[in-house]
Amino acid sequence: MDWQLAADSFWPLLRGGLTGTIPLALMSFAFGLVLAFAVALLRLSRNRVLSGIGRVYVSVIRGTPLLVQLFVVFYGMPSVGVVVDPWPSAIIAFSLNVGGYAAEVIRAAILSVPSGQWEAGYMVGMSRGRALRRIILPQAARVSVPPLSNTFISLVKDTSLASLILVAELFRAAEEIAAFSSEFMLVYIEAAFIYWAFCTVLSFGQDRIERKLEQYV
C-alpha cells in the first residue's frame, strides 16, 4: 500500500468534503425542509386538490431514483431552454428529494400530536394557523428530530452522486486522484473513511440532541 499517496491525498479529500460535501448537504437540507413543510401542509389540507398535489409530488420523488432526478435537472432542463450550472443543479435535485421524504416525516409528526391539543388551542381563541405554530409544531418538532437527522446523514452520503455532474466535492476529488495515481482501491477506501467519519460525528450530534429533547417530552 502506498502510504505516501494516502498521506498526500488525505487533505485534498478532506478539503473536498469540508468545502463541497458538507455545504452542499446543508444547503440542500435547508431548502428541502422548507419545501417539505409546505408539502406536508398540502398533504394535511382538507382541500382534495391541494392534498392530491402533495400526494403526487411525494409519490414521484419517492418512486424515482435520486440519480435520475439529478440528471433530469442537469441534463434534461437544457432541452427546454433552462441551463443550470452543476452546483445549483445538485442543490435543486437534492432539495427536491429531501422535500419528498421529509414531508412524510413532518406530516407523521404533526399527526402524532393528540387531537386534544388542537381543541385546547381553539378553546382559548386560537385560529388553526396559530394553534399549529404555537402548540402543534413545537411538539411535532421533538418527534421529527430523529428521522430528519437520519435523512440528513443519508444526504451527506448521497452528495457523492453530484460528482457525476462535475460538482467539486469529496468523491469528485477522490475520482481525480484515483485517475491520476491509478490507486483506485486506496483512494476510494480513504474517501469512504472520511464519509464514515463525517457520519459518525453527525450521529454523535444526533444522539446529543435526542437526549436533550427527551428532557422535555
Side-chain angles (χ1 to χ4, degrees), residues 16-45 50-80 82-111 137 140-141 143-175 191-192 194-196 198-199 201-203 205-206 209:
L18 295 176
T19 62
T21 297
I22 297 301
L24 179 59
L26 286 172
M27 286 188 286
S28 299
F29 190 71
F31 292 135
L33 277 186
V34 174
L35 179 59
F37 181 70
V39 174
L41 294 183
L42 289 179
R43 294 277 280 117
L44 293 169
S45 174
L50 296 179
S51 178
I53 292 174
R55 186 179 298 108
V56 170
Y57 172 77
V58 170
S59 177
V60 170
I61 293 298
R62 297 179 68 176
T64 56
L66 174 55
L67 181 59
V68 173
Q69 298 165 16
L70 183 63
F71 276 26
V72 166
V73 174
F74 184 68
Y75 293 111
M77 291 179 65
S79 65
V80 294
V82 180
V83 179
V84 186
D85 291 336
W87 186 271
S89 294
I91 292 177
I92 292 172
F94 292 143
S95 298
L96 291 173
N97 188 267
V98 169
Y101 283 92
E104 290 298 278
V105 172
I106 295 173
R107 183 178 73 91
I110 292 175
L111 291 175
L137 287 182
V143 177
S144 64
V145 164
L148 288 178
S149 298
N150 291 333
T151 299
F152 178 68
I153 292 173
S154 295
L155 177 63
V156 170
K157 295 178 290 184
D158 289 340
T159 56
S160 60
L161 294 174
S163 65
L164 297 175
I165 60 171
L166 309 182
V167 172
E169 44 76 60
L170 196 163
F171 194 68
R172 180 65 183 174
E175 288 181 319
I194 295 175
Y195 277 114
W196 172 77
F198 284 160
C199 292
V201 171
L202 292 172
S203 297
Q206 175 186 352
I209 294 173

Which donor-acceptor pairs under 3.5 Å do side chains of residues 53-60 form with protein atoms, sequence neighbours excluded?
| from | atom 1 | to | atom 2 | distance (Å) |
| --- | --- | --- | --- | --- |
| Arg55 | NH2 | Ser51 | OG | 3.3 |
| Tyr57 | OH | Leu96 | O | 2.7 |

Heavy atoms, side chains only, cut-off 4.5 Å: are [X] and [Y] in contact?
X      : Y     : result
Leu164 : Phe71 : yes
Thr64  : Val72 : no
Phe31  : Ile92 : no
Leu35  : Ser95 : no
Phe198 : Leu18 : yes

Return the [atom1] to [atom2] distance between [X] and [Y], rounded to the nearest 0.5 Å.
X      : Y      : atom1 : atom2 : answer
Ile194 : Thr21  : CD1   : OG1   : 9.0 Å
Arg43  : Leu50  : CZ    : CG    : 12.5 Å
Leu70  : Leu161 : CG    : CG    : 6.5 Å
Ser203 : Asn150 : OG    : CG    : 7.5 Å
Phe37  : Leu137 : CZ    : CG    : 5.0 Å
Leu111 : Ile106 : CG    : CD1   : 12.0 Å

Considering all heavy atoms, the nearest [X]-[Y] contact:
X      : Y      : answer
Pro23  : Gly17  : CD-O, 4.1 Å
Val98  : Thr151 : CG1-CG2, 4.5 Å
Arg62  : Gly100 : CD-O, 4.1 Å
Ala109 : Ala140 : CB-O, 3.5 Å
Ile165 : Phe74  : CG2-CD2, 3.5 Å

Exercise. Looking at Leu44, Val39, Leu41, Leu42, which hits side chain to side chain contact (heavy atoms under 4.5 Å, CB included) with Arg107?
Worked result: Leu44
For this session: Apply side chain to side chain contact (heavy atoms under 4.5 Å, CB included) to Trp87 and Leu24, showing your working.
Result: CA-CA 8 Å; Trp87 186 271; Leu24 179 59; 4.0 Å; yes
Exercise. Does Tyr195 have any ring pair (Phe, Tyr, Trp, His ring centres under 6.0 Å) partners at least two apart in sequence or in another chain, and if so, which?
Worked result: none
Problem set entry | salt bridge (Lys or Arg N to Asp or Glu O under 4.0 Å) contacts in which one or both residues fall within residues 157-175, not counting sequence neighbours | Arg172-Glu175, Arg172-Glu176
Problem set entry | Side chain Ser28, main chain Ala25, donor-acceptor under 3.5 Å | no
